[in-house]
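Values below: all heavy atoms of this structure, side chains included; hydrogens, waters and symmetry mates excluded. Counting convention: from 1, in listed order, for ligands and their atoms alike.
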Amino acid sequence: MVTLTIDGRTIQAEEGQTILEVARNNGIQIPTLCYNEALESYGACRLCLVEIVRDSRSRMVTSCLYPIEEGLVVKTASERVISNRKMLAQLLLARCSKEKLLQDLAKEMGIEKSSFKSEYLENNDCILCALCVRTCQEVVGVSAISLVNRGTKREAAPPFLESASACIGCGSCVYVCPTKCIKMEDVGDTRIIHRWNVEFKLKKCKVCGNYFAPEAQLEYIRKKWELPEGFFDTCPNCR
Ligand code: SF4
Ligand code: SF4
């Protein structure tokens, strides 16, 4: 076990955890936008910044990435932390000024409007959290999309900004996206994921006749788990 102090509270926690995990397990809230406990931490939004003190010296670290240490002193809401967090929230708001998620987050911090100007980015709907990219890679195992370009042009996109040819249409990225900017619709026998420029034929259940999942996704699962041909001829409800 490791003993550390967070916001003046002495806490014992298992070695190998991050500051963010320990804080949350002890009811101490630290804001995040790119963290998901099912995925590897990434530290993209940096909103989870905290101040740590060691040998009378303090510095800022990203709490989702920083492992706890014996004797560590952590401040999650010091003046320095709040000021850095506000600046990060303003930068995010400048990029995606119309995103309710960011507007609410900024409001909670007492920010009405970003003081940063970003004329060509202010209508962006992607906060670059990479949750879609990491879910596709780590959970689905496909890596159909990635973060591409640099600076103001950075975005989550398919290779060469064309269509995500490796995509299987599972929709996991759609569900995980915090700003809901990856639009997906099932129209008749077709699933469309607009942001990745892809369309999939949906499988029709042999029993009830309902379309229930993209054929590409079912075939991917069937091969991965070495299931017999025809395993997905019926939907989960009719099985
Ligand atoms: S829908 Fe495509 S891009 Fe999204 S997680 Fe599934 S395979 Fe990846
Ligand atoms: S598309 Fe959504 S999930 Fe992907 S990086 Fe942008 S905001 Fe995050």
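Side-chain polar atoms of E199 and T190 form no donor-acceptor pair below 3.5 angstrom. Judged by distance alone, the side chains of S143 and Q137 never bring a donor and an acceptor atom under 3.5 Å apart. Side-chain N/O atoms of D7 and T76 include a donor and acceptor closer than 3.5 Å. Under the 3.5 Å distance criterion, with hydrogens and angles disregarded, no donor-acceptor pair is assigned to the side chains of R95 and S114.
Considering C132, C126, A130 only, the shortest heavy-atom separation from atom 3 (S) of ligand 2 involves C132. Here atom 2 (Fe) of ligand 2 lies nearest to C177 when heavy atoms of C177, C136, C34 are compared.
The side chain of T179, and not its backbone, has at least one atom closer than 4.0 Å to an atom of ligand 2 (non-hydrogen atoms only; side chain from C-beta on).
In this structure, T18 and I68 have side chains that are not in contact, with every pair of non-hydrogen atoms separated by 4.5 Å or more.
Among protein heavy atoms, atom 7 (S) of ligand 2 sits closest to I127 N, 3.4 Å. Of the protein's non-hydrogen atoms, C129 SG, 2.3 Å is the one closest to atom 8 (Fe) of ligand 2. Closest to atom 6 (Fe) of ligand 1, if we only count protein heavy atoms, is C170 SG, 2.3 Å. Closest protein heavy atom to atom 1 (S) of ligand 1: G171 N, 3.2 Å.
Close approach of ligand 1 to I193 (heavy-atom distance below 4.0 Å) involves ligand atoms 1 (S). Ligand 1 places these atoms under 4.0 Å from at least one heavy atom of C173: 1 (S), 3 (S), 4 (Fe), 5 (S). Those atoms of ligand 1 that come under 4.0 Å of a heavy atom in C167, given as number and element, are 1 (S), 2 (Fe), 3 (S), 7 (S). Listed by number with element, the atoms of ligand 2 under 4.0 angstrom from any heavy atom of C181 are 1 (S), 2 (Fe).
Under a 4.0 angstrom heavy-atom cut-off, I168 registers as being in contact with ligand 1.
Nearest heavy-atom pair, I127 versus C96, reported as atom, atom and distance to 0.1 Å: CG2-SG, 3.7 Å.
At least one donor-acceptor pair under 3.5 Å links the side chain of N36 to the backbone N or O of A38.
In this structure, R191 forms no cation-pi arrangement with Y211, as its terminal cationic atom is not both closer than 6.0 Å to the ring centre and no more than 45° off the ring axis.
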